[in-house]
Peer 1: 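Dropping the structure in here first, questions after.
Whatever order the structure lists them in is the order used to number ligands and atoms, beginning at 1. The shown structure was predicted, so the numbers you read here are calculated from the model rather than taken from an experiment.
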Amino acid sequence: MSTPTHLNPAVATKRQWWHSSTVYQIYPRSFADSNGDGIGDIPGIISKLDYLENLGIDVIWLSPIYASPMDDNGYDISNYQDIAPEFGTLDEFRELLAKAKERGIGIVLDLVVNHTSDDHDWFKQAKCGRDNPFRDFYIWRDPGSDGGPPNDLQSYFGGSAWEFDPPSGQYYLHLFSRRQPDLNWENPRVRRAICDMMNWWLDRGIAGFRMDVIDLIGKQPDRMITADGPHLHDYIQEMHRETLARRDVLTVGETWSVTPDSALLYSGRERQELSMVFQFEHVTQRWDEVFGKWRSKPFDLVALKSVFSKWQQALSEDGWNSLFWGNHDLPRAVSRYGNDGEFRVPSAKTLATVLHMMRGTPYVYQGEEIGMTNAPFTAIDQYKDIETLNMHRLHLEAGLSPEDFITGANMNSRDNARTPMQWTDGSHGGFTTGTPWIEANGNAGHINAAAAVRDETSVFHHYRKLITLRKTHDVIVYGRFQSYLDQHPEIFLYTRTLGGERVTVIASFSDTPVAIDLPAEVQTEGEALVWTHEPVSQLGKEITLRPWESISLLTRN
Ligand code: TEU
Ligand code: CA
């Protein structure tokens with residue numbers, strides 16, 4: 001009889017429930033519409049809990065559901081303690097929380113506290129004048145010496161980050177849209193109000209928070225500092241003390257600026273900050289130095305592997321990784337990193353395998369588990385995202401051709417991830433009985449959840465298997481990561497080792513067969529764990545992988 005894995009003496013890291021959990025991200029607007037108004041909603045999510053339970057996920061990360069004028073689809077919050085009417089009511093949220101809990105699923109909310117909506121009461125007050133008690137909740141500055149903005153800080157959505165407020169003669173800061181004024185974290189009353197709000201939700205039994213652009217809250221705009229301000233970690237530690245301490249929740253910070261060193265500040269076990277952060281190096285690595293994601297570089301597996309290896313090594317003793325290919329801001333994984341045509345199914349499975357077999361907590365973005373693909377939009381008016389529409393205007397003004405812009409948007413626009421979840425082969429993929437707020441992808445006829453659940457060989461069942469394996473195999477959760485064939489442009493090969501157990505993962509990222517010589521260390525015999533084409537339990541000196549084939553096997557010694 002083997003030792004029960006929860007007693008495995010080789011596990012050095014203190015166990016946390018979220019180490020072996022898989023998180024599923026829901027973008028409510030595009031998930032499931034219950035009432036035919038074309039907008040996904042909370043009752044829609046409730047109706048899909050059985051599907052999620054079947055998939056086996058432990059946690060739902062809900063993109064914002066709060067009251068909002070929806071300038072940025074809810075990332076512009078006008079009331080943190082209320083639900084947007086198009087999504088539902090607080091009672092319906094309570095019902096979702098309870099019904100998810102019955103299925104062993106926790107709900108993580110999106111904490112968007114770098115900024116509010118300009119419709120938030122705090123901002124409406126702040127705009128009343130320089131001596132309003134809420135003025136200092138936001139960041140106001142006098143005009144620069146030329147009468148223009150105080151400095152050249154740019155908004156992530158394009159244009160100046162400063163907006164003039166004629167009545168008071170001052171500018172306010174907005175690192176995102178002008179309808180998303182930045183909160184002033186230097187003000188202790190702001191920090192107090194945010195902590196109170198967080199406790200209000202935590203007391204209702206949520207499982208944690210995903211923290212939107214949390215690396216920006218320590219900004220010092222006068223010194224042109226946005227990310228990683230000098231008091232950033234003080235603020236997060238204070239937040240931890242005031243809200244998270246003594247609660248067993250999952251927290252994940254969205255940190256585009258994070259490095260392996262600063263990841264240890266956020267997620268180190270003695271730091272009292274966050275469970276983990278999202279790092280984006282595998283994403284930005286393919287962005288152009290000048291035009292960013294609107295002109296991307298060709299796929300480079302060697303570079304991609306080196307990013308993953310670096311992060312696996314960096315957080316192997318302390319800290320914790322989050323693992324993801326996509327989210328609501330990023331293109332569809334299979335379109336971006338795989339082959340969404342002929343090899344859609346094996347490439348979606350292989351991407352899942354290489355990600356889920358690494359050390360860290362995996363995140364699945366809605367639709368990824370059925371291999372949904374990018375939106376094939378051809379005209380700018382099919383796009384709805386504020387970032388895409390702003391950038392379209394600015395880039396065309398700067399001389400980019402409309403065709404080139406659409407090519408870039410097809411590849412990288414945030415709307416690729418926001419087309420409706422494809423449930424059936426019916427109209428609009430079964431997302432709504434009405435007209436969806438954004439067009440559904442035309443391929444729901446063959447890419448949909450109903451078909452995937454029926455077919456044991458589908459991408460869905462592959463994800464299901466990976467999610468289960470993480471719960472039953474400590475080596476997948478805690479094993480040491482070692483990569484091989486680092487310079488191979490088409491093969492991703494690594495092992496995970498814990499005590500006497502080792503998992504070997506071999507994956508092809510090629511559209512044609514690839515023959516390789518295996519390093520002596522991985523020539524072994526074992527139990528096939530998960531595979532794209534057929535189980536392999538023996539590895540000799542040579543192996544030929546079919547297009548996008550991957551295998552993984554478990555060896556015990
Ligand atoms: O995203 C942060 C962010 O920096 C993104 O705007 C990013 O630059 C872009 O999407 C890259 O494609 C977070 C949220 O995830 C995003 O949806 C919000 O729009 C943004 O913050 C503002 O809250
Ligand atoms: Ca609806």
Peer 1: Taking the six-membered ring for Trp and the full ring for Phe, Tyr or His, determine whether the centres of Phe123 and His174 are under 6.0 Å apart.
Peer 2: no
Peer 1: Could you check atom 7 (C) of ligand 1 against the protein and tell me its nearest heavy-atom contact, residue, atom and distance included?
Peer 2: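 Ranking protein heavy atoms by distance from atom 7 (C) of ligand 1, first comes Trp256 CZ2, 3.7 Å.
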Peer 1: For His115 and Tyr138, I'd like to know if the aromatic rings sit close, meaning centre-to-centre distance below 6.0 Å.
Peer 2: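 No; Tyr138 has its ring centre 6.0 Å or more from that of His115.
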Peer 1: Starting at CD1 of Ile45, measure out to CD of Glu92 and round the result to the nearest 0.5 Å.
Peer 2: 10.5 Å
Peer 1: Quick one: which ligand 1 atoms are inside 4.0 Å of a heavy atom on His115?
Peer 2: 22 (C), 23 (O)
Peer 1: Looking at Arg414 and Asp385, does any basic side-chain N land under 4.0 Å from a carboxylate oxygen?
Peer 2: yes
Peer 1: Under 4.0 Å from a heavy atom of Lys293: give me the atoms of ligand 1 that qualify, with their elements.
Peer 2: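 The atoms of ligand 1 under 4.0 Å from a heavy atom of Lys293 are 11 (C), 12 (O).
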Peer 1: Run the numbers for me: atoms of ligand 1, each under 4.0 Å from some heavy atom of Val213, listed by number.
Peer 2: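 Going through ligand 1 atom by atom, the ones under 4.0 Å from Val213 are 2 (C), 21 (O).
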Peer 1: Which residue pairs pass the salt bridge (Lys or Arg N to Asp or Glu O under 4.0 Å) test when at least one of the two sits in residues 296-306, sequence neighbours left out?
Peer 2: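 Only Glu289-Lys297 qualify under salt bridge (Lys or Arg N to Asp or Glu O under 4.0 Å).
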Peer 1: Is the closest basic N to carboxylate O distance between Arg103 and Asp58 below 4.0 Å?
Peer 2: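 No, this pair does not count.
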Peer 1: Under 3.0 Å from the Ca ion (ligand 2), which protein N, O or S atoms do you find? Ignore water molecules.
Peer 2: Asp33 OD1, Asn35 OD1, Asp37 OD1, Ile39 O, Asp41 OD2
Peer 1: Which of the listed options, Asn412, Leu216, Asp329, holds the heavy atom that is closest to atom 16 (C) of ligand 1?
Peer 2: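 Minimum heavy-atom distance to atom 16 (C) of ligand 1 goes to Asp329.
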Peer 1: Could you tell me, atom by atom, which parts of ligand 1 come under 4.0 Å of a heavy atom of Glu254?
Peer 2: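 Counting from 1, the qualifying ligand atoms are 1 (O), 2 (C), 13 (C), 15 (O).
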Peer 1: Would you tell me which option among Asp76, Asp212, Asp215 has the nearest heavy-atom contact to atom 21 (O) of ligand 1?
Peer 2: Asp212
Peer 1: Would you say the ring centroid of Trp423 lies under 6.0 angstrom from that of Tyr51?
Peer 2: yes
Peer 1: Taking NZ, NE, NH1 and NH2 as the nitrogens, is one of them in Asp119 or Arg179 under 4.0 Å from a carboxylate oxygen of the other?
Peer 2: yes
Peer 1: Classify the ring geometry of His395 against Trp294: parallel below 30°, tilted from 30° to 60°, perpendicular beyond 60°.
Peer 2: perpendicular
Peer 1: Could you identify the single nearest non-hydrogen protein atom to atom 20 (C) of ligand 1 and state the distance to 0.1 Å?
Peer 2: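 The closest heavy atom on the protein side is Phe176 CE2, 3.8 Å.
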Peer 1: By the definition ring-ring contact (aromatic ring centres under 6.0 Å, His included), identify the one residue from Phe278, Tyr337, Phe280 that meets it with Trp325.
Peer 2: Tyr337
Peer 1: Are Tyr365 and Phe324 close enough that their ring centres sit under 6.0 Å apart?
Peer 2: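 No, ring centres 6.0 Å or more apart.
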Peer 1: If you have a sec, work out which protein heavy atom is nearest atom 18 (C) of ligand 1 and how many Å separate them, to one decimal?
Peer 2: Asp72 OD2, 3.3 Å
Peer 1: Is Arg210 close enough to touch ligand 1? Criterion: a residue heavy atom under 4.0 Å from a ligand atom.
Peer 2: yes
Peer 1: Would Arg414 count as a polar contact of ligand 1, with the cut-off being nitrogen or oxygen pairs under 3.5 Å?
Peer 2: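 Among all N and O atoms of Arg414, at least one is under 3.5 Å from an N or O of ligand 1.
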Peer 1: May I ask you to list the atoms of ligand 1 that are less than 4.0 angstrom from any heavy atom of Phe157?
Peer 2: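 Reading through ligand 1 atom by atom, the close ones are 6 (O), 19 (O).
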Peer 1: What is the distance from atom OG1 of Thr259 to atom CH2 of Trp311, rounded to the nearest 0.5 Å?
Peer 2: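 Separation between the atoms: 6.0 Å.
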Peer 1: Considering only heavy atoms, which of His328, Gln180, Glu387, Arg418 lies nearest to atom 9 (C) of ligand 1?
Peer 2: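 That would be Glu387.
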